[in-house]
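Sequential numbering from 1 along the given sequence is applied to the chain's residues.
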Amino acid sequence: MRLKFSVWHKLLLLVLVPLVFEIIFVSSLALLLGYAEEQTDKYEKSKEVVLRFHMSQAALLRSMTAVVLSFTRGSTDLSAEFDRAIVSMRDSRNMIASTVDIRPELADAIAPVPKLLDRALSMSAEGRAIMTNPNIGYRKRPKFIRQSLLPLLFEFQPIAGNLLLAEDDMRVVAPRELDSIRLAVIVILAVGILFSIIISIVAAMIFSRNILRRLQVIEENAQLLAMRAPFKASAVEYDEIGKLTQALEEANHVLAETRRKELAILDVAADVICSLDKRFRFTAVGAASLPSWGYEPDQLLAESLFSLHVKENEPHIRASLEAIAQSSVDAEFESQLLCKDGSIKDILWKVNWAQSGQSFYCVAHDISERRAAERMKQRFISIASHDLRTPLSSISATLSVLTAGGKGELPQNTQQVLQKADNSLERLMDLIRDLLDLEKLEAGKVVISMSVVSAMDVCSASCDSLEFLAKSLGVQIARPFGDAALYADERSLVRVLINLISNAIKFSPRGSTVKLTIQDMGLMTEISVIDQGPGIPVEDRELIFEKFRQSKSTSSTAVKGTGLGLAISKLIAEAHGGSIGVDSAEGQGSRFYIRIPNFKDEDENDEEEA
């Protein structure tokens, strides 16, 4: 049965095994050093005991000499020397008696010394008493020396001989033992370091084989996963790395299934999905290339993208792809692609640059029909502007003459019919003018003359132009307060405001007020037109600025328009670097606003930069 250890358990074992060895090694070394210190202390104490014995022996001789001299000379002047000898013997006796931890060579030889010193001290005290007592007879003093001091001195001789022999043995044996202990310490230290190195190397090898190698396999499999190559086989483990390996394998299966589905989608996609390397060569192409371009996917692999385009398009395509790679932002560009049958198609390329794979991922959408419709629209606008404008102007002039009575008095019914025809013709002329203006704005053919413009002047000119319309529909215009210096084209701004104010007047009920406001916002100035009309639904607020689009709320009113006024206003606002928008709630009116950049004097800019 295989044990299921986690990576944490394995790492813990790799740490604990050397740690246990180090604890045993340090403990053994500490015990050996303690034993060496103990033997060294015994050796030093033994030498101190021997020294004390010799000192006590010398003190005994001094005391005996003092007694003999005092007995022979009859003088007590040597009492101080005698007292020092007694003190020295007493100190030596106490030290020897209190020392128990000495070398075994000296233990037997030093054992009788304390009792012998006790006798020596007792006899020394008796000799001092005889020496200092004048009443003791002369004959008694030699007797004390013969019967007490000389036998005691003779007893010291064999003990001193034994101590000398034991000391000689100790001076030979003890250094050898200490050297052996030092050698053992060195050996144990060297063996411990060697085993520590071996254990560390073994642990590193185990870690490398069991963990690092498996992690290396995971890294290689991850690279193989990125290259869509088969995985390397790995041993089954039950730890965290094994779970990671299993998760990577599951991810490989999921990605393989996902790739299979993606390929199936690519095969049925209407757009051509492909990828390019950094040299703009095809590395993968969807099956849609055959019905769309006439090329088999395999025919395009390793081919340059430029080989499918006319040479005039190559600089534009190269610059677009290089800009996308540098910015790493998804972008689009258009080109004219040369199909296998010789036809040319307009293609919209949606490109994503993958920095990691150094590849372009592209979706090529055929917009040939859209471009054909746009060209047809342009032709229609051209026809409407040039071929219809002149005859309509002539018809309008004729109707004006007839309604004015230039050809005689007309019946009332006829005059009303002509008036309606003239109004319809005027709306048609407005539509043509708006179409022409819209075409010029979209093509960038309108020249905007930027200068310093007063926001109040723009509002006043717009209100003056619409004063008659407001009175005829029973609506009042509340002019703004304040002013701001704008950097704009005054004629264009007046046109935008006229459009916004006229819409507000047309959609406001009788007796209501259309209000204008001017608000300086720092870099921009906002001019608002506020009405009390039916409001605009949320879903229509963005659509009303598109061409030929109107709010659903206009269906309940009799007001009709071309659907181009707000689209033209938006283009004019954006041409100024500004914006246009609306805030509205159904049944509560609307607030249309236009934001235009303020004029900034160059001197003020220099001061701000300074």
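Between Phe599 and Thr525, every side-chain heavy-atom pair lies at or beyond the 4.5 Å cut-off. Two residues are said to be in side-chain contact when any heavy atoms from C-beta on lie closer than 4.5 Å; Tyr361 and Trp353 fail this criterion. Here the side chains of Val458 and Val453 are in contact, with some heavy-atom distance below 4.5 Å. When side chains are defined from C-beta on, Leu566 counts as touching Asn503, because their heavy atoms get closer than 4.5 Å. In this structure the side chain of Leu337 never reaches within 4.5 angstrom of the side chain of Ile344, judged on heavy atoms. Between Pro480 and Met456 the shortest side-chain heavy-atom distance falls below 4.5 Å. Val496 is not listed as a side-chain neighbour of Ile568, based on a closest heavy-atom distance of 4.5 Å or more. Here the side chains of Tyr593 and Ile580 are not in contact, with every heavy-atom distance at 4.5 Å or above.
Taken to the nearest 0.5 Å, the NE2 atom of His365 stands 9.0 Å off from the CD1 atom of Ile347. The CG atom of Leu516 sits 9.0 Å away from atom CG of Leu500, with the distance rounded to the nearest 0.5 Å. Distance check: Asp277 CG to Ser359 OG gives 7.0 Å after rounding to the nearest 0.5 Å. From Arg491, atom CZ reaches atom OG of Ser449 across 9.5 Å, with rounding to the nearest 0.5 Å. Here the OG1 atom belonging to Thr517 is positioned 11.5 Å from the CZ atom belonging to Phe481, to the nearest 0.5 angstrom. For the atom pair CD1 (Ile536) and CD1 (Ile544), the distance works out to 4.0 Å, reported to the nearest 0.5 Å.
Here the shortest heavy-atom pairing between Val475 and Pro509 reads CG2-O, 3.9 Å. When every heavy atom of Pro297 is checked against every heavy atom of Gly286, the shortest pair comes out as CG-O, 3.6 Å. Leu338 and Gly342 make their closest contact through CD1-O, 3.6 Å (heavy atoms, listed as atom of the first residue, atom of the second, distance). Nearest heavy atoms, Pro291 versus Ala287: CD-O, 3.4 Å. Of all the heavy atoms in Ser590 and Ser584, the pair that sits closest is OG-OG, 2.9 Å. Here the closest non-hydrogen pair linking Leu305 and Leu321 is CD2-CD1, 4.0 Å.
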Evaluate side-chain contact (heavy atoms from CB on, under 4.5 Å) for Ile501 paired with Ile505, printing each intermediate quantity in order.
-> CA-CA 6 Å; Ile501 298 171; Ile505 293 172; 3.8 Å; yes

Test log, rule side-chain contact (heavy atoms from CB on, under 4.5 Å), inputs Leu276 and Phe282 = CA-CA 5 Å; Leu276 309 172; Phe282 288 100; 3.5 Å; yes

Could you walk me through whether Ile324 and Val329 pass the side-chain contact (heavy atoms from CB on, under 4.5 Å) test, one step at a time?
-> CA-CA 6 Å; Ile324 293 171; Val329 177; over 6 Å; no

In sequence, state the C-alpha distance, the side-chain angles, and the governing distance for Leu497 and Ile527, and then conclude on side-chain contact (heavy atoms from CB on, under 4.5 Å).
-> CA-CA 9 Å; Leu497 277 183; Ile527 302 175; 3.8 Å; yes

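Between the side chain of Ser304 and the backbone N or O of Phe306 there is at least one donor-acceptor pair closer than 3.5 Å. No side-chain donor-acceptor contact under 3.5 Å links Ser512 to the backbone of Ser508. Under the 3.5 Å distance criterion, the side-chain polar atoms of Asn313 are matched with a main-chain donor or acceptor of Gln336. Checking side-chain atoms of His316 against main-chain N and O of Ser335 turns up no donor-acceptor pair under 3.5 Å. Side chain of Gln358 to main chain of Gln355: a donor-acceptor pair is present (N/O by atom type, distance under 3.5 Å, no hydrogens or angles). Using a distance-only test at 3.5 Å, with no hydrogens or angles considered, no donor-acceptor pair links the side chain of Ser307 to the main chain of Glu303. Looking only at distances, no side-chain donor or acceptor of Asn598 sits under 3.5 Å from a matching main-chain atom of Leu486. Distance alone, capped at 3.5 Å, is enough to place a donor-acceptor pair between the Asp483 side chain and the Ala455 backbone. Listed for the Lys345 side chain is a donor-acceptor partner under 3.5 Å among the backbone atoms of Ser292. Gln299 places a side-chain N or O within donor-acceptor distance of the main-chain N or O of Glu296, the cut-off being under 3.5 Å.
More than 12 non-hydrogen atoms from other residues, nucleotides or ligands lie less than 6.0 angstrom from CZ of Arg479.
Every residue meeting the side-chain hydrogen bond (donor to acceptor under 3.5 Å, both in side chains) condition with Arg318, not counting sequence neighbours, appears here in chain and number order: Glu314. Considering only residues two or more places apart in sequence or on other chains, Ser368 meets the side-chain hydrogen bond (donor to acceptor under 3.5 Å, both in side chains) condition with Asp366.
Partner of Ser528 under the side chain to side chain donor-acceptor pair (under 3.5 Å) criterion, out of Arg591, Lys515, Arg595: Arg591 alone.
There is a side-chain donor-acceptor pair under 3.5 Å between Ser275 and Thr283.
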Mind listing the side-chain donor-acceptor pairs of residues 465-473 below 3.5 Å, one per line with the distance, residues two or more places apart or on another chain?
unit_1	atom_1	unit_2	atom_2	d
Ser465	OG	Ala461	O	3.0
Ser472	OG	Phe468	O	3.3
Ser472	OG	Leu469	O	2.7

